[in-house]
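In what follows, a single structure is set out as structure tokens and then discussed.
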Amino acid sequence: MSDAGPAHGTDNGPLAVICGGGALPFAVADAVGKRGRRVVLFAIRGWADPQRVAAYPHHWASFGQFGWFCRVAQREGCRDVVLIGSVVRPAIWKIRPDFKTLRLLPRIVGLLRGGDNRLLKGVAAIFEEHGFRLVGAHEIAPDILMPEGPLGRERPTAGDQADIATALALLDATSPFDVGQAVVVADTRVLAIEAAEGTDRMLARIAELRRGGRIADARRGVLVKAAKRGQDRRVDLPSIGPRTVEGAARAGLAGIAVVSGSTIIAEAGLTGAAADRERLFVIGVRDELATR
């Protein structure tokens, strides 16, 4: 039986934001708040920034407290739920389940045996079976999506454009394997494919390869991010922000390209300023290869 009643379409009641790390949860909360809708953060311990969380109505949560979440969200009047922010999937032995989570544990264990898209689709289904409506951050805060065109002063060269096309073709080809959402390509050579390590650590790996002489020192190469084909866009859209620009600069890249309209950008003004400071291009491009 549902804990929160049936979920039919986005309403104007309070919005529950399950809040991981980074700036994105607060960008969403601010955008929704400006439209007059109340936001309640359910901040994940160990990931969400306590100082920033304190500025909003909030509750602290841990992995494995789904029953607690259902009760508190119902008390707050929340039906719509957004999942956003960086987290690393926990090892199963680190989950401290309440009774409801314990009942779901065999299903959760099965979901953990696969890629992120499979896991997140399964999580979304669990929320909806309990009367909540999982909504994409971009659905309620469309201003956080990257537009088409450049952000900042720098522009990609013809060589960069060829690298972007190669990267998008590779991401399209790897989509069925539910691997990652980012690749780095230089002179049409694939330097890295994002997997479980995430974008920041992938970029750190490129920087290490440059320091070790495995990649030429000249500033070349593009980080490209795109959603997986067939991905549930309510959860885990690719994202970039100032930290992505800083990581790309340390990796010696020429720029960053993302698919416009399906990539979230955190702190767009700061991201553009960082790109200008590092003399990198950041650009939103169309994905002509596939409807993802």
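By convention here, the first residue in the shown sequence is residue 1. Everything numeric in this text was worked out from a predicted model, so none of it was measured.
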Checking the side chain of [X] only, and the main-chain atoms of [Y] only, is there a donor and an acceptor separated by less than 3.5 Å?
| X | Y | value |
| --- | --- | --- |
| Arg96 | Gly64 | no |
| His130 | Ile126 | yes |
| Thr271 | Ala266 | yes |
| Arg205 | Ala192 | no |

Would you compute the distance between atom [atom1] of [X] and atom [atom2] of [Y] and round it to the nearest 0.5 angstrom?
| X | Y | atom1 | atom2 | answer |
| --- | --- | --- | --- | --- |
| Leu145 | Leu237 | CG | CG | 7.0 Å |
| Arg279 | Arg277 | CZ | CZ | 14.0 Å |
| Ser262 | Asp287 | OG | CG | 7.5 Å |
| Leu151 | Ser260 | CG | OG | 12.5 Å |
| Asp80 | Leu15 | CG | CG | 6.5 Å |
| Leu253 | Thr244 | CG | OG1 | 11.5 Å |

Going by atom types only, do [X] and [Y] share a side-chain donor-acceptor pair under 3.5 Å?
| X | Y | value |
| --- | --- | --- |
| Ser175 | Asp172 | no |
| Thr101 | Asp98 | yes |
| Thr263 | Lys225 | no |

Does one hydrophobic cluster hold both [X] and [Y], with members joined at side-chain heavy-atom distances below 4.5 Å?
| X | Y | answer |
| --- | --- | --- |
| Ile193 | Met202 | no |
| Leu191 | Leu170 | no |
| Val190 | Val224 | yes |
| Val185 | Ile206 | no |

Side chain to side chain, [X] and [Y], heavy atoms closer than 4.5 Å:
| X | Y | result |
| --- | --- | --- |
| Ile283 | Pro156 | yes |
| Leu41 | Phe26 | yes |
| Phe66 | Pro97 | no |
| Arg250 | Leu203 | no |
| Val259 | Leu168 | yes |
| Asp163 | Thr188 | yes |
| Trp68 | Ser62 | no |
| Ile108 | Phe63 | no |

The criterion is side chain to side chain contact (heavy atoms under 4.5 Å, CB included); which residues satisfy it with [X], sequence neighbours excluded?
| X | answer |
| --- | --- |
| Ala268 | Ile265 |
| Ser239 | Leu24, Ile264 |
| Ala195 | Val179, Glu197 |

More than 12 heavy atoms of other residues, nucleotides or ligands under 6.0 Å from [atom1] of [X]: is that the case?
| X | atom1 | value |
| --- | --- | --- |
| Arg107 | CZ | yes |
| Arg234 | CZ | yes |
| Arg45 | CZ | yes |
| Arg155 | CZ | yes |

With sequence neighbours excluded, tell me which residues meet salt bridge (charged side-chain N to carboxylate O under 4.0 Å, His left out) with [X].
| X | value |
| --- | --- |
| Glu154 | none |
| Arg35 | Asp143 |
| Arg220 | Asp187 |

Legend entry - Working for side chain to side chain contact (heavy atoms under 4.5 Å, CB included), residues Val81 and Phe42: CA-CA 10 Å; Val81 178; Phe42 290 80; over 6 Å; no
Inset, instruction - Identify the heavy atoms of Gly20 and Pro25 that sit nearest to each other, and give their distance. - result: O-CG, 3.8 Å
Inset, instruction - Grab the two heavy atoms, one from Ala137 and one from Ile84, that are nearest each other, plus how far apart they are. - result: CB-CD1, 3.7 Å
Inset, instruction - Run the numbers on Arg75 and His59 for side chain to side chain contact (heavy atoms under 4.5 Å, CB included), then give the verdict. - result: CA-CA 12 Å; Arg75 188 175 71 224; His59 302 276; 4.0 Å; yes
Inset, instruction - Quick one: sort the Phe69 and Phe132 rings into parallel, tilted or perpendicular, breaks at 30° and 60°. - result: tilted
Legend entry - Salt-bridge criterion met for Arg211 and Glu208 (N-O under 4.0 Å): yes
Legend entry - Check against salt bridge (charged side-chain N to carboxylate O under 4.0 Å, His left out), Arg38 and Glu76: CA-CA 10 Å; Arg38 184 169 182 264; Glu76 292 280 6; 3.0 Å; yes
